[in-house]
Peer 1: 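First, the structure itself, so that you have it in front of you.
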Amino acid sequence: MDNDKKSTFDPKEHQHMRYNPLRDSWVLVSAHRMKRPWKGQVEKPSEDNIPRHDPNNPLCPGSTRANGEVNPEYDSTFVFENDFPALQPDAPDPGSDHHPLFQTKAARGVCKVMCFHPWSDITLPLMQPGEIRKVIDKWVELIEELGPTYPWVQIFENKGAMMGCSNPHPHCQVWASSFLPNEPALADRTQRAFLQEHGEPMLVQYARKEAQVQERVVVENEDWLIVVPYWATWPFQTLLLPRRHVLRLTDLTGKERDSLASIMKRLLTKYDNLFEISFPYSMGWHGAPTGTHLTEDMSHWQLHAHYYPPLLRSATVRKFMVGYEMLAQEQRDLTPEQALLTFVDVPMRK
């Protein structure tokens with residue numbers, strides 16, 4: 001056997017690991033696994049016959065919620081305190097005298113629900129750019145309202161029953177906490193270290209390089225770039241990045257908010273057309289911490305949004321994060337570049 005003969009590495013055929021600098025972790029890429037036949041769980045098709053207005057739906061205008069409050073007849077966005085909040089502002093302090101193996105800390109905050117639109121049978125990609133701009137403006141208002149008090153304001157949307165959304169009405173949640181949660185704390189550490197070592201914010205440099213190589217860019221415009229990140233874990237995961245250095249949503253100009261509305265609609269339309277369904281995902285914004293951090297140097301941060309869709313092969317076959325992913329490390333079944341090619345072939349119709 002000739003030991004000098006070695007196979008030429010092909011990322012589509014040969015497993016390899018990719019480094020995620022935001023999480024200081026590695027993901028195993030095993031694209032050849034897509035060739036295996038699927039005999040696992042098949043999801044039910046998404047529900048299409050959603051009524052525009054259901055008086056029994058607690059998110060609809062004029063409906064009565066679980067706590068007895070009646071929603072106003074809103075015609076745009078609508079925000080209210082979550083009736084079943086995970087965080088409350090007046091929870092007692094458990095104290096600090098704890099064994100190292102049984103530690104407890106105080107956790108306080110507020111949880112809000114934000115409806116995007118008065119109609120239940122509409123989603124963000126079906127909304128007009130002007131309507132999406134109102135959603136963005138409301139996100140900014142909520143950060144301005146909660147940010148001075150809380151160090152972290154997490155805006156997130158779970159879309160679709162597959163992602164645990166129990167109500168089809170278009171909405172997101174906003175949780176403001178007295179602590180910096182695990183993921184943003186990790187992102188704070190890695191971005192700070194990158195700036196110190198390389199002299200430039202991590203995601204500013206990353207966006208510039210992705211724009212140059214054009215190997216993973218899904219959609220882009222003058223102010224924003226959306227890519228399947230080089231280190232993506234979920235099959236059709238995307239990362240939304242500003243082209244300039246921006247710390248928080250509150251720092252966006254009016255023009256950038258308009259172009260953000262436009263590019264969000266383009267991305268989410270592509271998602272819907274990928275498997276011709278209302279595409280499920282979890283998404284959320286990460287920006288520089290707030291609260292006392294508002295007076296600190298946070299220049300290592302760059303505003304960004306993560307989109308994590310669960311689907312793998314079709315509208316009914318999803319990626320499961322189990323076994324190896326839970327016990328060893330993250331693993332994906334197609335390369336980010338293959339995912340990008342799938343996006344490229346998707347027509348822009350809606």
Side-chain angles (χ1 to χ4, degrees), residues 8-34 183-184 186-221 223-246 263-264 266-267 270-271 274 281-287 300-313 319 321 324-325 328-346:
T8 301
F9 174 72
D10 183 348
K12 300 186 298 297
E13 297 292 336
H14 303 125
Q15 68 270 13
H16 59 286
M17 294 195 294
R18 297 194 184 193
Y19 181 64
N20 182 343
L22 266 178
R23 302 195 73 253
D24 190 21
S25 63
W26 294 83
V27 56
L28 174 62
V29 183
S30 311
H32 56 282
R33 279 168 52 84
M34 285 292 282
E183 290 298 316
L186 178 56
D188 183 73
R189 175 176 67 79
T190 56
Q191 289 180 97
R192 188 185 299 273
F194 190 94
L195 178 63
Q196 291 174 348
E197 182 175 352
H198 300 280
E200 184 178 20
M202 177 198 296
L203 293 180
V204 172
Q205 185 177 118
Y206 178 68
R208 186 177 68 252
K209 290 187 174 296
E210 287 285 24
Q212 291 170 349
V213 300
Q214 289 288 313
E215 291 180 357
R216 287 165 292 274
V217 176
V218 181
V219 288
E220 59 184 325
N221 61 24
D223 301 307
W224 300 90
L225 184 77
I226 299 180
V227 303
V228 181
Y230 181 78
W231 53 80
T233 299
W234 293 93
F236 296 99
Q237 176 179 335
T238 54
L239 180 65
L240 169 57
L241 296 161
R243 290 189 183 271
R244 74 175 180 94
H245 189 196
V246 181
I263 204 166
M264 283 175 57
R266 290 172 61 195
L267 170 68
K270 274 188 170 288
Y271 270 143
L274 196 61
Y281 60 77
S282 283
M283 71 80 64
W285 284 99
H286 279 182
H300 55 288
W301 267 90
Q302 171 71 326
L303 175 70
H304 58 283
H306 297 282
Y307 286 84
Y308 297 129
L311 293 177
L312 174 60
R313 296 169 179 245
K319 167 68 177 178
M321 292 292 183
Y324 190 86
E325 291 88 354
Q329 71 179 47
E330 297 172 329
Q331 181 269 334
R332 63 178 286 124
D333 300 283
L334 75 166
T335 67
E337 295 76 25
Q338 287 174 307
L340 185 277
L341 290 176
T342 306
F343 271 119
V344 168
D345 293 335
V346 173

Peer 1: Roughly how far, to the nearest 0.5 Å, is CD1 of Ile226 from NE2 of His304?
Peer 2: 13.5 Å
Peer 1: For the CG atom of Leu340 and the CD atom of Gln214, what is their distance to the nearest 0.5 Å?
Peer 2: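 So the gap between those two atoms works out to 9.0 Å.
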Peer 1: Test side-chain contact (heavy atoms from CB on, under 4.5 Å) on Lys319 and Glu325 and set out the steps.
Peer 2: CA-CA 11 Å; Lys319 167 68 177 178; Glu325 291 88 354; 3.0 Å; yes
Peer 1: Just by modelled atom types, is the Ala207 backbone N or O under 3.5 Å from a matching donor or acceptor in the Arg243 side chain?
Peer 2: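 Side chain of Arg243 to backbone of Ala207, a donor-acceptor pair under 3.5 Å: no, none is there.
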Peer 1: Please report the C-alpha distance between Val218 and Phe236 in whole Å, then the side-chain angles of each, then the deciding distance to 0.1 Å, and finally whether the side-chain contact (heavy atoms from CB on, under 4.5 Å) criterion is met.
Peer 2: CA-CA 10 Å; Val218 181; Phe236 296 99; over 6 Å; no
Peer 1: To the nearest 0.5 Å, what is the distance between CZ (Arg266) and CH2 (Trp224)?
Peer 2: 14.0 Å
Peer 1: Does any part of the side chain of Leu240, heavy atoms only, come nearer than 4.5 Å to the side chain of Thr238, both counted from C-beta?
Peer 2: no
Peer 1: Do side-chain atoms of Lys270 reach the backbone of Phe343 as a donor and acceptor pair under 3.5 angstrom?
Peer 2: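 Judged by distance alone, yes, a pair lies under 3.5 Å.
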Peer 1: Give me the ring orientation class for Tyr281 and Tyr307: parallel if the planes are under 30° apart, tilted from 30 to 60°, perpendicular past 60°.
Peer 2: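 Taking Tyr307 first and then Tyr281, their aromatic rings stand perpendicular (interplane angle over 60°).
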Peer 1: To the nearest 0.5 Å, how far apart are CG in Leu203 and CG in Leu239?
Peer 2: 6.5 Å
Peer 1: How far does CG of Asp223 sit from CG of Leu241, to the nearest 0.5 angstrom?
Peer 2: 13.0 Å
Peer 1: Between Pro235 and Ala339, which heavy-atom pair has the shortest distance, and what is it?
Peer 2: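 Closest heavy-atom pair between Pro235 and Ala339: O-CB, 3.4 Å.
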Peer 1: Say whether, by atom type as modelled, one donor and one acceptor occur between the side chain of Arg332 and the main chain of Ala232 under 3.5 angstrom.
Peer 2: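 Between the backbone of Ala232 and the side chain of Arg332 there is a qualifying donor-acceptor contact (under 3.5 Å).
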Peer 1: Can the positive tip of Arg216 be found less than 6.0 Å from the middle of the six-membered ring of Tyr230, inside 45° of the ring normal?
Peer 2: no
Peer 1: For side-chain contact (heavy atoms from CB on, under 4.5 Å), just list the numbers for Asp24 and Arg189, CA-CA rounded to whole Å, side-chain angles, deciding distance to a tenth of an Å, and then say yes or no.
Peer 2: CA-CA 9 Å; Asp24 190 21; Arg189 175 176 67 79; 3.6 Å; yes
Peer 1: Might you point out which heavy atoms bring Met202 and Pro21 nearest each other, and give the distance in Å?
Peer 2: CE-O, 3.3 Å
Peer 1: How far apart are the closest heavy atoms of Tyr271 and Pro309, and which atoms are they?
Peer 2: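 Result for this residue pair: OH-CG, 3.4 Å.
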Peer 1: For the side chain of His245 and the backbone of Trp301, is there at least one donor-acceptor N/O pair under 3.5 Å apart?
Peer 2: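 Here the side-chain-to-backbone pair exists.
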Peer 1: With the side chain counted from C-beta on, respond yes when His16 and Arg18 share a heavy-atom pair under 4.5 Å apart, and no when they do not.
Peer 2: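 They are in side-chain contact.
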Peer 1: Using a strict 4.0 Å threshold on nitrogen-to-oxygen distance, state whether Lys12 and Glu337 make a salt bridge.
Peer 2: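 Here Lys12 does not pair with Glu337 in a salt bridge, since their nearest N and O are not under 4.0 Å apart.
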Peer 1: Given 3.5 Å as the limit, does a donor-acceptor pair link the side chain of Glu210 with the main chain of Tyr206, or not?
Peer 2: no
Peer 1: Check the pair Leu22 / His286 against side-chain contact (heavy atoms from CB on, under 4.5 Å), numbers first and verdict last.
Peer 2: CA-CA 11 Å; Leu22 266 178; His286 279 182; over 6 Å; no
Peer 1: Roughly how far, to the nearest 0.5 Å, is OG of Ser30 from CE of Met17?
Peer 2: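 With rounding to 0.5 Å, CE (Met17) is 10.5 Å from OG (Ser30).
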Peer 1: With a 4.5 Å limit on heavy-atom distance, are the side chains of Gln329 and Ser25 in contact?
Peer 2: no
Peer 1: Taking Glu183's backbone N and O only, do any of them form a donor-acceptor pair with Arg23's side chain (distance below 3.5 Å, no angle check)?
Peer 2: no
Peer 1: Which atoms form the tightest heavy-atom contact between Pro201 and His300, and what is the distance?
Peer 2: CB-O, 4.1 Å
Peer 1: Gln205 vs Gln302, test: side chain to side chain donor-acceptor pair (under 3.5 Å). Steps then yes/no.
Peer 2: CA-CA 10 Å; Gln205 185 177 118; Gln302 171 71 326; over 6 Å; no
